[in-house]
Q: 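Got a structure here, written out as structure tokens. Questions coming.
In what follows, chains are A, B, ... by sequence order, proteins preceding strands, each numbered from 1.
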Amino acid sequence: MQLETYIKSGIAEAIASLYGETVDAETLKLESTNPDFKGDFTFVCFPYVRLSKKKPEDTAAEIGAFLKESIQQVDGFNVVKGFLNIEISDAYWLERFAVHVLGISRKNSGKVMVEYSSPNTNKPLHLGHIRNNLLGYSVSQILAASGYEVVKANLINDRGIHICKSMLAWKHYGKGETPESSGMKGDHLVGKYYVEFDKQYKQQIADLLATGVDKEAAEKEAPLMKEAQEMLRQWEAGNDEVITLWKMMNAWVYQGFDVTYKNLGVEFDKFYYESNTYVLGKDLIEEGLSKGVFFKKADNSVWIDLTDEGLDEKLVLRGDGTSVYITQDIGTAQLKYDEYHCQKSIYVVGNEQDYHFKVLFLILKKLGKEWSDGLHHLSYGMVDLPSGKMKSREGTVVDADDLMADMIVAAREKTEELGKTDNLSDAEKTELYTTLGLGALKFFILKVDPQKRMLFNPEESIDLQGDTGPFVQYTYARIQSMFRAAQNEDVNAKFTIESGRESEINLIKKLLDYEAEVLKAASTYSPAIIIAYALQLAKAFNRLYNDVSILKESNVELRRFRLKLAGDTAATIKQCLSLIGMQCPERM
RNA sequence: GGACCCGUAGCUUAAUUGGAUAGAGCAUCUGACUACGGAUCAGAAGGUUGGGGGUUCGACUCCCUUCGGGUCCA
């Protein structure tokens with residue numbers, strides 16, 4: 001980092017002294033050199049040929065020569081077209097490595113809330129939730145590592161017509177079944193009745209169609225639907241019987257979710273419940289009306305005109321005074337800010353709600369909430385199956401609990417096939433398979449840019465070789481094994497090294513990148529950056545491992561140097577994987 | 001009707017935000033000291049970045065248009 005700014009001002013000096021032109025060193029762009037070329041930093045000269053009035057190649061060569069003279073760490077340079085590749089001396093990297101400390105120095109970046117998961121309490125979690133949960137948790141970890149105080153929040157959708165559907169189906173067809181009586185996980189049990197409702201409802205529609213009723217009317221008039229709507233009205237009126245049933249079934253679901261969250265390794269600091277927050281926001285609608293941000297239509301409904309922003313008019317309160325989704329989201333945003341005063345607030349929500357959040361943030365801004373600038377929708381694409389979209393009502397989903405269990409089985413089979421289960425107790429085996437199976441799953445999902453839809457084929461289990469979680473975990477385990485064998489070695493001993501091999505210098509450079517990569521991942525909310533880095537780091541180490549001997553090296557200084565390389569690599573891998581929510585096995 | 005997202009090798013995907021010869025993994029093929037752990041490493045092959053136009057020193061990236069997949073708003 002230091003060196004980069006140093007080189008930039010060197011380039012500015014070069015331009016001043018060679019061409020008599022002033023440029024601000026801050027505005028110069030210095031890129032890291034493409035691995036296919038020799039060098040460490042690359043300065044792209046094309047934009048500056050109008051200052052030098054020379055060919056790009058000549059400009060690059062002149063600036064390169066100037067830097068080599070004026071900056072001692074610059075060992076040499078090469079020019080390809082207008083690209084100036086600046087080569088830094090090995091000595092510089094070795095010095096940096098000698099004083100290298102692990103971790104990140106940045107502190108007190110501010111306070112941020114990450115809202116994620118946000119499940120409905122009428123069915124168990126599925127693959128889509130897994131993507132959401134992993135993203136939310138990982139981004140929280142990354143932000144925390146880069147110095148933020150993070151509040152992990154979960155807004156639970158625990159009321160509404162869909163909840164009433166499960167409740168009603170249970171009431172009609174459940175015969176008093178409970179998680180205890182059936183041995184079924186609570187969320188799965190409730191989900192079963194959600195599916196049952198749909199089945200019965202469809203039957204009723206079919207019956208009505210047969211009597212000559214048209215489709216739209218049939219969907220509206222089916223007795224079950226009318227009953228569900230009546231139940232929702234009673235819930236809102238506080239009917240004792242309905243509320244008691246609602247509490248009981250929600251409690252089952254929460255017990256189930258707790259297990260899933262624990263297995264998935266995610267957690268929360270704060271829970272919000274929609275049964276509390278759905279009443280919020282109406283006061284802010286009043287505020288907006290008096291400020292002239294909103295307007296009323298003839299039917300008394302309240303709207304905001306966003307046509308200036310290229311959007312439509314948006315309803316924010318119905319004519320009968322009842323809320324719409326955005327009403328409560330406005331209120332909840334205010335509630336969150338009042339409670340925590342976070343500078344930033346991130347919503348991890350699927351991209352089908354892109355428009356919704358665009359409108360929500362715009363409304364809050366127009367209401368004059370200065371904190372609205374810190375709001376961000378971390379949008380992600382749907383997870384598709386080969387058969388198409390997952391539909392929970394039709395039961396065509398990949399269940400979160402099942403998927404995790406399948407991954408653990410796959411990890412077990414692979415490990416046993418390699419014959420690496422010897423000398424492990426049953427408890428250790430279980431822990432190992434869990435670490436590897438979930439590691440593969442988390443890595444697989446977070447490796448992909450969130451914006452993209454992803455295809456998941458349950459038939460082809462997730463790879464355990466190549467660019468995968470277990471690959472990185474293997475690198476870690478292998479280093480740990482080396483340290484177990486190096487017990488009479490003074491691991492913390494100082495060493496003096498004058499020069500390094502290419503594989504060693506490359507690994508040093510990667511290790512020194514850690515902080516910059518984490519900060520980049522934090523500013524773009526992207527776990528994928530950490531994953532890509534962890535892979536590169538593991539590869540750089542594996543290359544070194546095949547290139548040179550470490551424990552078998554006879555030269556003490558070299559041996560200690562390489563042991564420190566290995567130790568720092570392992571520690572950095574562990575940090576990276578913890579940001580993804582992954583564990584590192586000591587052996588595998 | 002209007003708006004947004006996605007399209008890269010057979011498959012899963014990356015590209016330092018406009019930079020170099022589009023980079024990996026899986027699958028396929030070849031090789032690695034009698035393996036400090038082979039879930040590794042080195043290499044080969046695989047591409048008109050959906051199609052067409054434009055902007056410029058330079059386009060997977062920006063603009064226009066068109067095709068395909070998906071989503072949202074009323």
Side-chain angles (χ1 to χ4, degrees), chain A residues 29-37 39 41-50 55-56 79-85 303 306-307 309-315 326 350-359 379-382 384 388-389 411 414-415 417-420 436 440 443-444 447-457 460 462-475 477-486 489 503 513 516-517 520 524 528-529 531-533 535-536 538-539 541-553 559 562-563 566 585 587-588:
Chain A
K29 265 181 67 185
L30 200 60
E31 297 165 14
S32 48
T33 301
N34 186 318
D36 293 343
F37 296 88
F41 299 106
T42 295
F43 180 64
V44 183
C45 294
F46 295 106
Y48 301 93
V49 291
R50 59 183 181 81
K55 285 194 280 187
V79 176
V80 182
K81 297 188 213 167
F83 296 88
L84 169 62
N85 297 324
W303 295 72
L306 296 171
T307 47
E309 316 281 343
L311 306 173
D312 290 330
E313 290 181 348
K314 174 79 186 174
L315 175 72
I326 206 149
N351 65 5
E352 67 271 18
Q353 295 201 39
D354 283 356
Y355 186 83
H356 176 81
F357 280 103
K358 206 168 168 182
V359 170
S379 164
Y380 63 91
M382 229 169 264
D384 285 317
K389 198 178 159 180
K414 176 73 180 174
T415 309
E417 181 190 317
L418 293 172
K420 294 190 169 185
L436 294 177
F443 208 88
F444 176 82
K447 195 156 79 90
V448 184
D449 174 10
Q451 198 65 38
K452 292 188 175 177
R453 294 180 78 95
M454 58 183 282
L455 182 93
F456 180 79
N457 190 345
E460 301 169 13
I462 292 170
D463 278 327
L464 300 171
Q465 279 173 57
D467 281 359
T468 64
F471 168 82
V472 180
Q473 289 170 320
Y474 173 77
T475 307
R478 189 199 235 175
I479 294 172
Q480 295 312 103
S481 148
M482 207 167 62
F483 276 97
R484 281 193 295 273
E489 198 76 46
S503 59
D513 273 346
E517 295 285 340
K520 192 170 142 201
T524 55
I529 287 177
I531 295 212
Y533 171 73
L535 275 171
Q536 287 172 18
K539 281 183 185 176
F541 178 80
N542 287 333
R543 208 165 295 141
L544 171 103
Y545 188 86
N546 277 273
D547 185 38
V548 301
S549 295
I550 299 178
L551 285 180
K552 285 183 178 170
E553 170 58 51
R559 195 165 67 237
R562 288 175 187 159
L563 272 169
R587 59 190 87 215
M588 64 187 272

Q: Please encode protein proximity along nucleotides 17-29 of chain B as a string of B, S and -, counting only heavy-atom distances under 4.0 Å.
A: B-BBS--SSS---
Q: Does B:A27 have a Watson-Crick or wobble partner in any strand here, with both distances under 3.5 angstrom, and which is it?
A: none
Q: Which residues pass the side chain to side chain donor-acceptor pair (under 3.5 Å) test with A:K539, not counting sequence neighbours?
A: A:D467
Q: Given the P atoms of B:C62 and B:G18, what is the spacing between them in whole Å?
A: 7 Å
Q: With a non-hydrogen cut-off below 4.0 angstrom, is A:L436 in contact with a base, only sugar-phosphate, or nothing?
A: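 It contacts base atoms.
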Q: What integer number of Å spans the P atoms of B:G7 and B:G43?
A: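 One P to the other, the span is 30 Å.
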Q: Please write out the pairs of protein N or O atoms and N or O atoms of nucleotides 32-36 of chain B separated by less than 3.5 Å, giving the distance to one decimal.
A:
| unit_1 | atom_1 | unit_2 | atom_2 | d |
| --- | --- | --- | --- | --- |
| B:C36 | OP2 | A:K552 | NZ | 3.0 |
| B:C36 | O2 | A:L551 | N | 2.9 |
| B:C36 | N3 | A:I550 | N | 3.0 |
| B:C36 | N4 | A:Y545 | O | 2.8 |
| B:C36 | N4 | A:V548 | O | 2.4 |

Q: Taking atom C1' in both B:G52 and B:C11, compute the distance separating them and give it to the nearest angstrom.
A: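 Comparing C1' positions in B:G52 and B:C11 gives a spacing of 28 Å.
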Q: With syn defined as a glycosidic angle within 90° of 0 and anti as everything else, classify B:U66.
A: anti
Q: Nearest heavy atom decides the nucleotide; on that basis, is A:K314 or A:F471 closer to the 5' end of RNA chain B?
A: A:F471
Q: Rounded at 0.5 Å granularity, tell me how far CD1 in A:I479 sits from OH in A:Y474.
A: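 The OH atom of A:Y474 is 11.0 Å from CD1 of A:I479, to the nearest 0.5 Å.
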Q: Report the distance from atom CG of A:N351 to atom P of B:A3, rounded to the nearest whole Å.
A: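 Distance check: A:N351 CG to B:A3 P gives 19 Å.
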Q: Can you tell me if the side-chain N/O atoms of A:Y355 get under 4.0 Å from OP1 or OP2 in B:C72?
A: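 No.
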Q: When rounded to the nearest Å, what value does the distance between P atoms of B:G19 and B:U30 take?
A: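 Their P atoms lie roughly 39 Å apart.
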Q: Would you mind classifying the nucleic acid contact of A:A477 as base, sugar-phosphate or nothing, using non-hydrogen atoms under 4.0 angstrom?
A: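 Counting heavy atoms under 4.0 Å across all strands, the contact made by A:A477 includes a base.
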Q: Taking salt bridge (Lys or Arg N to Asp or Glu O under 4.0 Å) as the definition, give me every residue that meets it alongside A:D449, ordered by chain and number, with sequence neighbours left out.
A: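 If we apply the salt bridge (Lys or Arg N to Asp or Glu O under 4.0 Å) test to A:D449, skipping adjacent residues, there are no hits.
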Q: Check side chain to side chain donor-acceptor pair (under 3.5 Å) between A:Q465 and all other residues, then give those that pass, not counting sequence neighbours.
A: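 In terms of side chain to side chain donor-acceptor pair (under 3.5 Å), with neighbours along the sequence ignored, A:Q465 is linked to no residue.
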Q: In the strands shown, is B:A22 matched to any nucleotide by a Watson-Crick or G-U wobble pair with both distances under 3.5 Å, and which?
A: none
Q: Taking a pair as Watson-Crick or G-U wobble with both distances under 3.5 Å, which nucleotide is matched to B:G2?
A: B:C72
Q: Paired with B:A9 by Watson-Crick or G-U wobble geometry, both distances under 3.5 Å: which nucleotide is it?
A: none
Q: May I ask you to test the A:F37-A:T42 pair for a side-chain heavy-atom distance under 4.5 Å?
A: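 Counting from C-beta outward, A:F37 and A:T42 never come under 4.5 Å.
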Q: Please classify the nucleic acid contact of A:M454 as base, sugar-phosphate, or nothing, using heavy-atom distances under 4.0 Å.
A: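 Result for A:M454 = sugar-phosphate.
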Q: Think A:K452 has a side-chain N or O under 4.0 angstrom from the OP1 or OP2 of B:U13?
A: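 False: A:K452 side-chain N/O out of range (4.0 Å or more) of B:U13 OP1/OP2.
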Q: Apply salt bridge (Lys or Arg N to Asp or Glu O under 4.0 Å) to A:E352 and list each qualifying residue two or more places apart in sequence or on a separate chain.
A: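 A:E352 satisfies salt bridge (Lys or Arg N to Asp or Glu O under 4.0 Å) with no residue once adjacent residues are dropped.
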Q: Just to verify, what does A:R543 make a salt bridge (Lys or Arg N to Asp or Glu O under 4.0 Å) with, not counting sequence neighbours?
A: none
Q: In this structure, how many angstroms lie between the C1' atom of B:C73 and the CH2 atom of A:W303, rounded?
A: 10 Å
Q: Go through the structure and list residues passing ring pair (Phe, Tyr, Trp, His ring centres under 6.0 Å) with A:F43, not counting sequence neighbours.
A: A:Y48
Q: For B:G70 and B:U65, measure between their P atoms and round to the nearest Å.
A: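 Pairwise P distance, B:G70 against B:U65, rounds to 23 Å.
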Q: With a non-hydrogen cut-off below 4.0 angstrom, is A:T475 in contact with a base, only sugar-phosphate, or nothing?
A: nothing
Q: State whether the number of non-hydrogen atoms from other residues, nucleotides or ligands found under 6.0 Å of A:R484 atom CZ is greater than 12.
A: yes
Q: Do A:T475 and A:N542 come within less than 4.5 Å of each other through their side chains, counting heavy atoms only?
A: yes
Q: Nearest-Å distance, CZ (A:R453) to P (B:U13)?
A: 12 Å
Q: Can you name the residues that form a ring pair (Phe, Tyr, Trp, His ring centres under 6.0 Å) with A:F357, not counting sequence neighbours?
A: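 Residues passing ring pair (Phe, Tyr, Trp, His ring centres under 6.0 Å) with A:F357: A:Y347, A:F361, A:H377.
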Q: What interatomic distance, in whole Å, is found between C1' of B:A22 and the corresponding atom of B:U61?
A: 12 Å
